[in-house]
Amino acid sequence: AQSVTQPDIHITVSEGASLELRCNYSYGATPYLFWYVQSPGQGLQLLLKYFSGDTLVQGIKGFEAEFKRSQSSFNLRKPSVHWSDAAEYFCAAHNNNDMRFGAGTRLTVKP
Amino acid sequence: DSGVTQTPKHLITATGQRVTLRCSPRSGDLSVYWYQQSLDQGLQFLIQYYNGEERAKGNILERFSAQQFPDLHSELNLSSLELGDSALYFCASSEASGGLAEQYFGPGTRLTVT
């Protein structure tokens, strides 16, 4: 069955530290891949997306993600986290009009 | 602000009742999507409309239905409500249909069924 997995439910990092949020997908063919961020009480905002081509994708707010076909992964990274990055992050995959989301990773940023 | 509006922001109702959630897409967007976010099920795609026609269906219950009107706003109707229907319901819109289209999410309607 098609699925998106985010293995980490909650991650805590110190402000200024680097961040990597993991995402794995299980699809027959490579789907379109997305990372969204949800701040408390808000809707989702698209950070970046991957369709094809360069496997390192740049997004907004200094985020990037790397697509690795061999590992069926699409991990999100940021070199230096800011306190305002504290939020919930969702990985998503779209294939044949079917959009699926991971369970989300909640990011806490320590001062 | 994504440009997508949803009303009401909060809704409290009793089991067995019926409610209607409303979504106005961004100006110019033809596609509207509905999602349900709950603690149990996470974020789930329910249904998509494109220019008034149903385009894709996800995990939408038979008790739920949606439509998109000629002015492109959409309504999600939830009937015979159960406690488990308590969730945050998001609407998103995009200019086009399909996986390439970037979706813009509204702030959501929080439904509480008591």
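Throughout, protein chains are lettered first and strands after them, A, B, ... in sequence-line order, and every chain is numbered starting at 1.
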*Asks:* Take atom NE2 of A/His10 as the centre, draw a 6.0 Å sphere, and report whether it contains more than 12 heavy atoms from other residues, nucleotides or ligands.
*Replies:* yes
*Asks:* Are A/Trp35 and A/Leu33 connected in a single hydrophobic cluster, I mean Ile/Leu/Val/Met/Phe/Trp/Tyr linked by side-chain heavy atoms less than 4.5 Å apart?
*Replies:* yes
*Asks:* Can you tell me if A/Ile60 has over 12 outside heavy atoms packed within less than 6.0 Å of its CD1?
*Replies:*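 Yes, enclosed.
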*Asks:* Taking all heavy atoms of A/Leu44 and all of B/Phe90, pick out the closest pair and write down the distance.
*Replies:* CD1-CE1, 4.2 Å
*Asks:* So, taking the atom named CG in A/Leu46 and the one named CZ in B/Phe105, what distance separates them when rounded to the nearest 0.5 Å?
*Replies:*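 Taking CG in A/Leu46 and CZ in B/Phe105, the distance rounds to 9.0 Å.
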*Asks:* Run the numbers on A/Phe34 and B/Glu102 for side-chain contact (heavy atoms from CB on, under 4.5 Å), then give the verdict.
*Replies:* CA-CA 10 Å; A/Phe34 307 83; B/Glu102 178 169 345; over 6 Å; no
*Asks:* Using the rule that Ile, Leu, Val, Met, Phe, Trp and Tyr join whenever any side-chain heavy atoms are under 4.5 Å apart, tell me whether A/Leu47 and A/Val13 fall into a single cluster.
*Replies:* yes
*Asks:* Is A/Tyr32 reachable from A/Phe63 through a run of I, L, V, M, F, W or Y residues, each pair having side-chain heavy atoms under 4.5 Å apart?
*Replies:* no
*Asks:* Check for me, please, whether A/Phe90 and A/Leu48 land in the same ILVMFWY cluster - side-chain distances under 4.5 Å, paths through other members count.
*Replies:*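 Hydrophobic grouping puts A/Phe90 apart from A/Leu48.
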*Asks:* Would you be so kind as to tabulate the donor-acceptor pairs closer than 3.5 Å made by side chains of residues 107-114 of chain B, with sequence neighbours excluded?
*Replies:*
from: B/Thr109; atom 1: OG1; to: B/Pro8; atom 2: O; distance (Å): 2.6
from: B/Thr114; atom 1: OG1; to: B/Thr13; atom 2: O; distance (Å): 3.3

*Asks:* With a 4.5 Å heavy-atom cut-off (strictly below), which parts of residues 99-111 of chain A touch chain B? List them by number.
*Replies:* A/Met99, A/Phe101
*Asks:* Which one, A/Gly41, A/Pro31, A/Gly43, leads in non-hydrogen pairs under 4.5 Å with chain B?
*Replies:* A/Gly43
*Asks:* Check whether B/Tyr35 gets within reach of chain A through its side chain, its backbone, both or neither, counting any heavy atom under 4.5 Å.
*Replies:*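 Contact with chain A is through the side chain of B/Tyr35 alone.
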*Asks:* Do you reckon B/Tyr104 sits in the same ILVMFWY cluster as A/Tyr89, going by side-chain contacts under 4.5 Å, direct or chained?
*Replies:* no
*Asks:* Quick check on the structure: residues of residues 47-85 of chain B within a heavy-atom distance below 4.5 Å of chain A, by number.
*Replies:* B/Gln48, B/Arg55, B/Ala56
*Asks:* Not counting sequence neighbours, list each pair that qualifies as a side-chain hydrogen bond (donor to acceptor under 3.5 Å, both in side chains) and has a residue in residues 37-49 of chain A.
*Replies:* A/Gln38-B/Gln37, A/Gln45-A/Lys61
